[in-house]
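Structure record follows, encoded as structure tokens.
Only this structure's heavy atoms are used, side chains among them; waters, hydrogens and symmetry mates stay out. In what follows, every chain begins at residue 1, and chains take the letters A, B, ... in the order their sequences are listed.
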Protein chains: 4
Amino acid sequence: MIIVLKKEITASQKDKIESFIRSFDSSPSYWKNNGFDVIGLLEQDLSIWENDLKNMDGVEKVIPIKKEYKRVASELPPKIIKYKGVEIGKDTFNVIAGPCTVKSYEELKEIAISLKKKGIRLLRAGAYKLRTSPYSFQGLGEEGLKIIKRVCDETGMLSVSEIVSTEDVEIVSKYIDIVVVGTRNMYAYPLLKKIGKINNPVILKRGFSATLEEWLLAAEYLAESGNSNIILCERGIRTFERYTRNTLDISMIPAVKILSNLPIIIDPSHSTGRSEMVKSICFASMAAGADGLIIEAHYNPIESIVDSRQTIDMEILQEILDQKENLINLWDKK
Amino acid sequence: MIIVLKKEITASQKDKIESFIRSFDSSPSYWKNNGFDVIGLLEQDLSIWENDLKNMDGVEKVIPIKKEYKRVASELPPKIIKYKGVEIGKDTFNVIAGPCTVKSYEELKEIAISLKKKGIRLLRAGAYKLRTSPYSFQGLGEEGLKIIKRVCDETGMLSVSEIVSTEDVEIVSKYIDIVVVGTRNMYAYPLLKKIGKINNPVILKRGFSATLEEWLLAAEYLAESGNSNIILCERGIRTFERYTRNTLDISMIPAVKILSNLPIIIDPSHSTGRSEMVKSICFASMAAGADGLIIEAHYNPIESIVDSRQTIDMEILQEILDQKENLINLWDKK
Amino acid sequence: MIIVLKKEITASQKDKIESFIRSFDSSPSYWKNNGFDVIGLLEQDLSIWENDLKNMDGVEKVIPIKKEYKRVASELPPKIIKYKGVEIGKDTFNVIAGPCTVKSYEELKEIAISLKKKGIRLLRAGAYKLRTSPYSFQGLGEEGLKIIKRVCDETGMLSVSEIVSTEDVEIVSKYIDIVVVGTRNMYAYPLLKKIGKINNPVILKRGFSATLEEWLLAAEYLAESGNSNIILCERGIRTFERYTRNTLDISMIPAVKILSNLPIIIDPSHSTGRSEMVKSICFASMAAGADGLIIEAHYNPIESIVDSRQTIDMEILQEILDQKENLINLWDKK
Amino acid sequence: MIIVLKKEITASQKDKIESFIRSFDSSPSYWKNNGFDVIGLLEQDLSIWENDLKNMDGVEKVIPIKKEYKRVASELPPKIIKYKGVEIGKDTFNVIAGPCTVKSYEELKEIAISLKKKGIRLLRAGAYKLRTSPYSFQGLGEEGLKIIKRVCDETGMLSVSEIVSTEDVEIVSKYIDIVVVGTRNMYAYPLLKKIGKINNPVILKRGFSATLEEWLLAAEYLAESGNSNIILCERGIRTFERYTRNTLDISMIPAVKILSNLPIIIDPSHSTGRSEMVKSICFASMAAGADGLIIEAHYNPIESIVDSRQTIDMEILQEILDQKENLINLWDKK
């Protein structure tokens, strides 16, 4: 339940409201919404007090939230994430691009320069990888983080990279700007709780078999632990279809906007698993109203150490960017 | 395997080629492709004769098709369906709209007039329905077909309606212009074979659990039986996600274009099951390169006798149409 | 809603009840249950009249059915199918075996003789096949039906074979004892309605993506059309797992018994798609309480024209039968 | 690749073999198989040396393993886990039972005493829980571990409990005998690597959307990290069916035995989510050849703090145990 306070509220009215609500909810949240002060009562179902609250002096209106997730619900004002000069959320659109995995400083630098020239400010690259086989390349680890940081420092880009284990939260968040919770970790609640304690924006990928509700509840874990700078990322779900690597669930774009206040971005690379399909899916995502894209891109895709099959080259990336303004304009984004 | 003949081929060269190929394939197909005469050898794997054919006088080139589906493969020239002044396929985009089910002449007429005003030429409406429960409304049957025909005659629109059983092929194809094979009938090969004998264009909806390959092989059944005026329709697949009625597999748009020569349209209504998501999905489909849309629309959605939850009103339909030109232009369509 | 009548009911009491119920339900059904006369009111929700009916003279008790399927619900007495000396349902267990597809009289006869020796009375063999590719073998058709009938006549077995199209209902039901609705036809309601008009017992295979409720509603279509001699058959569902051909949903055995009064049998061949797994699955099915098995078996599996990969030989079949008595005894079957 | 050595091998022959293989594989494994000494070469594909090895003096035979998982493949001798007097694997069958979650010492003690009387030696109880909502009960944590240990010490039972995070590996393995990797953690490779360093047997639950191959590769992570005391546990997969909580994939019992040398047990509680179906599924699992069961049981199921809907009482548990000997005897287990 959210209580919107009147602009002309007096201090004593406010005190009265606060002492009333503190009697049954020990942790109200406070924020501003369109110039109004707002109090969020998120822990318990207080709907029986709705009328009492409505009738208190100084209360503009009361908004109930029936959903199990309270802190990321669409009843709250849209979440705008502002971080080191980048703004993610409503009215904006961000493209994140880069290789699946960092292999060397030279390679990443060259990719970063190409991206920067195209106006891209967010560089993705994996240092820790979860691989299905223990005998596959598992990433460069801290060495990789250092390369990513060096490249970002030199190019003025922000870095985007995955945390795969609770034990790596501290080190990754030291080197990386925007951390990623991968699809296999969406249900790793101890990891989410720990990431809830850091300040970096976090991209929460949907578990490849997670329902929308489970996904939003995973976001609630992050928010409840203290970090509400959450960007949802749809990256395809596991179905019977095998031509594509996963089945991109494009409907999550309007669905998330109906149910949640969080931004949602699309990963066309892991969802399709096929570079020749990425342009079409990027167009679709922008037109559907997504708030961003995270794309695997490389100046020479076949050199990618992991996932080269789904990595696009700089020419296709440019074709996608060429239509960006036109498409995001459909949803008044820029 | 397809044999493209030289423009300057002589009659005796052609005879020689034909008698050679008839020695191992009893049913070659003939058509024109960009001004060249073409012979299709579709029944058997004749790849061992590829070089012999290539070297025959009068042969321009030989194109092998390794896929199990031969008549709807992307190695063939894109299928353009022309029917009563409507053109469906590459370079074009068609919107089909109307109620899920025909209820009365008056209602359908009013809907048709609204659609016509918006420039829509294709009217969808169900007369025979497959309902999960035997106690649900099963459609008006022939009575419904007559209403649809009358409304289309009066408005100059073309009709689009489903055939649910082999026994109805004759009667439906008499009243209806473009027939539909519904999702539950995609595997009904005896029905496909029978529809293969009529001339009406046919919309082949993807079975809600059909793989892309099974879908294209179902199209091959139609083509092999004589009707290659096929329009594929993605309408969502069944997955674990339950917020949407089905999961729209938007990736089928680029995937179909990679593998097949057939046009593909999108059904945003059955896939999402939620009218509030239809606009976003229509934008996505147009941007991804679809060849058309089939939308449930009604001047007053809550009056829809079936599926009112997913039916959009005329205002939202107009918002979709307002962006059509801009979006289909991405793929050089008009 | 079911009304059980008192044994000592008088004619005038019965008249009174009947005229009362006919005022709101035009098609009551009548049957005997454990010596009591029973009236079934299946079309409409008459729960508001429950107390009135309970209090009428001559009424023993009233059993409401809230489920959407009324004629195959577990509130009704268990369905026992008796046909030409075979009894299928509670307290019994039947093994159906034979080749996927009939190829020749000689082959089928040899298989039938082997099965007969093992005490098996029900011979399965396909004459009409639904194949994913139009270029695959589609079955012998009526020629196949004649072979099956001849072999069954000569061996005294009952035949089990699939109907794939509404147009074949008449001819198949003439030659075949127990007809099968295959997995691809579970949603083919016009076909179900037509099979509802014949008297042969019918095996209704679960659609490979059908929910339990859809499956029971498909059975309701058969029952509502007049044929309640229905045997449900679980044959595996389509999931992401690809090691097995389908995923056998063994839980349907207890689930069907909780929700429905129909018998359920298991197809271990199509579900696993691997002959080496069939024995284990047959043991599991018998132990779980299934009412029967339908197994692809051949004296020499690699000779099977279709599905040889999942066909077991006579030795493995014998190993399964050797444990039958022990296992079905768990559920007081014989 | 596995090299089986001749019984009469000389020390110098052995030296020669070892120095040969050490030239291309730095980490051969050694074990005994049916009285023969065996060398495992697991890291690399050495099939090109197969003949050279076969022809060396002292080599009995060479067994190649083509699968991506090498240490848990069926080419190796069946894994028998022996721990504190309990033996799990081929020829044995173990029942693990207890409440979903430990609530209090008194409750757990009473359950343990009931189970002990029935001859059950393995007590399951959760102390750390992964819950979909951050507002649900998350388990008693270390307090719960202490209760479980006390109860097991007092009753002489072995404890079975889940580790949910890398940070808890040390503490859980101190209190608990057999640790569990839950379905949401099957892909948590950093966790698997850490559990690979402890000696406790580990139950590896299948991810609810994991393929068989991914599951076996997860087991390979454990084995490769040093812990091969692995028990696979099938607990149902996520499908479109919603009547059951998950879809139990019973075919995994024969499938695991074909592909792997690890034991497999079944969780009838989480798979069905319905206590009334547990008995049927336990019978099926035993008959199919499973190596054990892990069942949620409570003297009064409705008192269970979590998952009471799927918890059986002591009477049903007894009915299951009453048929155990008869059913596991099918596979020569005792």
For this session: Would you give the length of the straight line joining atom OG1 of C/T247 to atom CD1 of D/I250, rounded to the nearest 0.5 angstrom?
Result: 12.5 Å
Seminar exercise, completed: Heavy-atom closest pair (D/S280 atom, C/A288 atom, distance to 0.1 Å) is OG-O, 2.8 Å
Exercise. What do you reckon, is CD of C/E303 surrounded by more than 12 foreign heavy atoms closer than 6.0 Å?
Worked result: yes
Exercise. Chain C heavy atoms under 4.5 Å from D/M252: which part of the residue, side chain, backbone, both or neither?
Worked result: side chain
For this session: Pick whichever of C/L327, C/I237, C/T272 has the most heavy-atom pairs under 4.5 Å with chain D.
Result: C/I237
Exercise. Counting only heavy atoms not in D/K118, do more than 12 sit closer than 6.0 Å to its NZ atom?
Worked result: yes
Exercise. Heavy-atom distance under 4.5 Å to chain D: side chain of C/T244, backbone, both or neither?
Worked result: side chain
Exercise. Measuring heavy-atom distances to chain C, does D/A290 have an atom under 4.5 Å in its side chain, in its backbone, in both, or in neither?
Worked result: neither
For this session: Give, as side chain, backbone, both or neither, the part of C/K257 having an atom under 4.5 angstrom from any heavy atom of chain D.
Result: neither
Exercise. Do other residues, nucleotides or ligands put more than 12 heavy atoms under 6.0 Å from the NZ atom of D/K67?
Worked result: yes
Exercise. Quick one: what part of C/R238 sits under 4.5 Å from any heavy atom of chain D, side chain, backbone, both or neither?
Worked result: backbone
Exercise. Side chain, backbone, both or neither: which part of D/S209 has a non-hydrogen atom closer than 4.5 Å to chain C?
Worked result: both
For this session: Nearest 0.5 Å please: distance from the CD atom of D/Q323 over to the CG atom of C/L330.
Result: 4.5 Å
Problem set entry | Segment of C/S251 engaging chain D (4.5 angstrom heavy-atom cut-off) | both
Problem set entry | Within 6.0 Å of CD in D/E87, more than 12 heavy atoms from elsewhere | yes
Seminar exercise, completed: Between C/I258 and D/M277 the two heavy atoms that sit nearest each other are CD1-CG, 3.8 Å
Exercise. Which residue out of C/F283, C/F240, C/Y243 racks up the most heavy-atom pairs below 4.5 Å with chain D?
Worked result: C/F240
Problem set entry | Most chain D-contacting option - heavy-atom pairs closer than 4.5 Å, from C/A210, C/S285, C/P268 | C/A210
Exercise. With only heavy atoms counted, which part of D/I281 is less than 4.5 Å from chain C, the side chain, the backbone, both or neither?
Worked result: side chain
Exercise. Which distance, rounded to the nearest 0.5 Å, do you find between the CD of C/E241 and the CH2 of D/W215?
Worked result: 9.5 Å
